[in-house]
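Residue numbering restarts at 1 for every chain, and letters A, B, ... go by the order of the sequence lines.
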Amino acid sequence: MLNISNLKKSYSGKQALKGVNLSLDRGEIIGLFGENGAGKTTLMKCILGYLRYQGQITLDGQAITRKNIGRLSFATSEHSFFPNLTAKDHKEFYSAHFPAFRSKRFDGLLEFFELPAAKLVRRLSTGQQNQIEVILALCQGADYILMDEPFAGNDVFNREDFYKVLLGILEPGETVLLSTHLLEEVEKFIGRAVLLRQGQILGDVLMQDLEERGDTLMSYVKESYQYKADRVGKALSQLSDDR
Amino acid sequence: MKKLNIEKYIPAGIDYGQEIKWLAAGIGASCFYSLGFLFRFSAERGRLFQRVGLEKVLREGAIMADFPEILDKSLMGFGLLICGMVILAVYHYFYHYQGSKSIYLMRRLPDRWELWRRCLALPLLCTAAAVLLAGLLLLLYFGIYLLATPAVCLTPGQWQKIWQAFLPAY
């Protein structure tokens with residue numbers, strides 16, 4: 001279990017995370033949602049140890065160190081691959097550094113998405129680069145796969161394919177934490193939704209519970225965020241009145 | 001014997017062939033610049049003699065300039081090269097921010113030294129090569145200085161003077 005307790009992070013005095021508590025069980029697919037600046041990326045970067053933080057993050061009761069960091073993988077819209085290597089080179093690099101690297105899965109996904117194995121990654125389209133990024137995270141052999149807006153730039157069919165593949169290939173012990181704004185798209189694929197707002201957990205719900213209540217993820221998010229549906233109408237009419 | 005895979009010692013995807021060419025050029029230029037010592041030495045040695053008819057005769061009481069004085073900044077190229085290696089190491093690190101944030105991957109590798117090995121190996125190797133070459137050239141030039149200078153023209157304590165030139169506090 002990945003356990004986060006009382007996680008706090010500030011950037012030059014401004015608190016980005018205000019005492020986040022969260023537990024991720026093995027085998028879950030969790031959607032992490034929140035407005036821009038809610039702290040989603042900061043949360044992931046703290047988990048991966050890229051940022052200094054206050055609080056505690058443990059993996060099966062152990063602090064995250066070089067000994068167990070291989071159990072976490074990361075796909076980010078900023079991309080963490082090497083642009084001057086090919087997909088094949090990446091396979092070699094990952095195989096050399098992550099003993100649990102899933103070669104067969106890598107080859108299968110590369111083939112499924114028709115990605116060229118021998119072309120430099122920087123020469124691929126943004127959509128293909130996103131695919132490589134996600135494929136590498138999925139194939140590292142990690143137990144916890146963190147994805148931060150991984151599909152920015154991919155078309156809707158491509159994203160849909162990816163969600164399906166994700167569901168199809170993940171093994172019971174693999175956990176995915178997926179940060180995205182595409183609520184409606186992912187709601188069929190995730191088992192749990194976590195909402196962040198201004199550095200705090202605003203909501204944490206199982207999709208099954210939402211379904212049983214006859215609720216949708218979007219309405220749950222709007223309700224949690226106290227979204228005012230008539231906000232736009234009011235603003236527009238105010239603007240017209242001013243004229 | 002296991003072949004050394006240089007790609008494991010440089011940032012992944014960097015054009016190391018080009019870097020090695022530049023480093024070789026730097027070392028070559030440093031060696032070439034150091035040849036200035038031979039010209040200065042030859043000129044200084046020439047001043048020890050005077051021409052009598054067709055013969056060159058040692059001037060009476062002629063004293064050869066000290067080795068460090070003739071050496072002057074002949075080995076400066078190596079110093080600059082070593083400074084360049086600091087820049088190269090920094091470039092290697094920031095290479096992981098170019099075109100992507102591969103630094104994220106490097107920072108979460110189970111081997112904590114991988115990033116540093118890839119950033120520092122080539123600059124350190126080149127620094128070691130520069131120090132070694134500079135040392136060898138220093139010895140070679142000193143040997144030439146001692147052997148090609150008439151013994152009566154040498155002032156004592158040349159070794160000490162070399163140390164003083166490199167380590168003023170010595």
Side-chain angles (χ1 to χ4, degrees), chain A residues 41 44-52 59 64-101 120-124 126 129-130 132-133 136-137 140-142 144-148 150, chain B residues 1-26 84-127:
Chain A
T41 302
M44 290 197 176
K45 287 184 178 174
C46 287
I47 295 171
L48 291 156
Y50 297 148
L51 299 173
R52 288 174 184 226
L59 190 53
I64 297 172
T65 62
R66 296 282 176 166
K67 280 184 187 164
N68 57 5
I69 190 81
R71 292 182 60 200
L72 303 175
S73 70
F74 185 44
T76 163
S77 53
E78 293 179 278
H79 297 154
S80 59
F81 51 63
F82 300 107
N84 293 321
L85 291 189
T86 63
K88 197 171 150 248
D89 296 333
H90 278 89
K91 182 182 168 182
E92 278 174 33
F93 185 91
Y94 269 72
S95 304
H97 290 95
F98 300 105
F101 184 75
L120 294 182
V121 176
R122 74 181 151 90
R123 300 210 188 280
L124 302 178
T126 307
Q129 289 182 347
N130 289 341
I132 290 279
E133 178 76 11
L136 287 168
Q140 185 190 299
Y144 292 86
I145 302 160
L146 312 184
M147 296 190 186
D148 186 19
Chain B
M1 202 175 85
K2 206 176 170 186
K3 201 177 148 192
L4 176 76
N5 186 358
I6 193 163
E7 287 179 16
K8 286 184 179 172
Y9 298 91
I10 43 138
I14 212 164
D15 184 356
Y16 67 88
Q18 199 63 26
E19 280 195 5
I20 288 172
K21 269 186 211 164
W22 279 108
L23 295 178
M85 290 309 101
V86 177
I87 296 167
L88 183 65
V90 172
Y91 167 71
H92 279 176
Y93 182 81
F94 284 101
Y95 172 81
H96 296 98
Y97 289 88
Q98 286 176 24
S100 74
K101 291 272 185 77
S102 53
I103 191 73
Y104 288 150
L105 173 58
M106 296 306 291
R107 285 184 58 191
R108 64 182 176 81
L109 292 176
D111 180 357
R112 69 166 66 244
W113 302 114
E114 185 71 20
L115 173 64
W116 303 113
R117 182 163 49 242
R118 286 178 180 264
C119 290
L120 298 176
L122 195 58
L124 285 178
L125 184 74
C126 191
T127 300

Nearest heavy atoms of [X] and [Y], plus distance in Å:
X: B:Leu105; Y: A:Ser80; answer: CB-O, 3.5 Å
X: A:Leu146; Y: A:Met44; answer: CB-SD, 4.0 Å
X: A:Gln140; Y: A:Gly70; answer: NE2-O, 3.0 Å
X: B:Ala89; Y: B:Leu120; answer: CB-CD2, 3.7 Å

Heavy-atom cut-off 4.5 Å, strictly under: side chain, backbone, both or neither for [X] against chain B?
X: A:Phe93; result: side chain
X: A:Thr76; result: side chain
X: A:Leu72; result: backbone
X: A:Glu133; result: neither
X: A:Lys67; result: neither

Counting only non-hydrogen atoms closer than 4.5 Å, can you tell me which residues of residues 110-117 of chain B sit against chain A? B:Pro110, B:Asp111, B:Arg112, B:Glu114

Are there residues of residues 16-25 of chain B whose heavy atoms fall under 4.5 Å of chain A's heavy atoms? If so, which?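 No residue falls under the 4.5 Å cut-off.
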
For the backbone of [Y] and the side chain of [X], can you confirm whether one donor and one acceptor N or O come within less than 3.5 Å of each other?
X: A:Arg66; Y: B:Leu109; value: yes
X: B:Arg118; Y: B:Ile10; value: yes
X: A:Gln129; Y: A:Val121; value: yes

Sequence neighbours excluded, the answer for salt bridge (charged side-chain N to carboxylate O under 4.0 Å, His left out) partners of A:Glu92 is none

Rounded to the nearest 0.5 Å, what separates atom OG in A:Ser73 from atom CZ in A:Phe101? 11.0 Å

Pair B:Tyr104-A:Glu78, side-chain donor/acceptor within less than 3.5 Å: yes

We want to know whether A:Asn84 and B:Tyr95 form a side-chain donor-acceptor pair, criterion being a heavy-atom distance below 3.5 angstrom. yes

Based on non-hydrogen pairs under 4.5 Å, which of B:Lys101, B:Met106, B:Arg108, B:Glu7 is most in contact with chain A? B:Arg108

Would you please name every residue forming a side-chain contact (heavy atoms from CB on, under 4.5 Å) with B:Ser102, sequence neighbours left out? A:Phe82, B:His96, B:Ser100

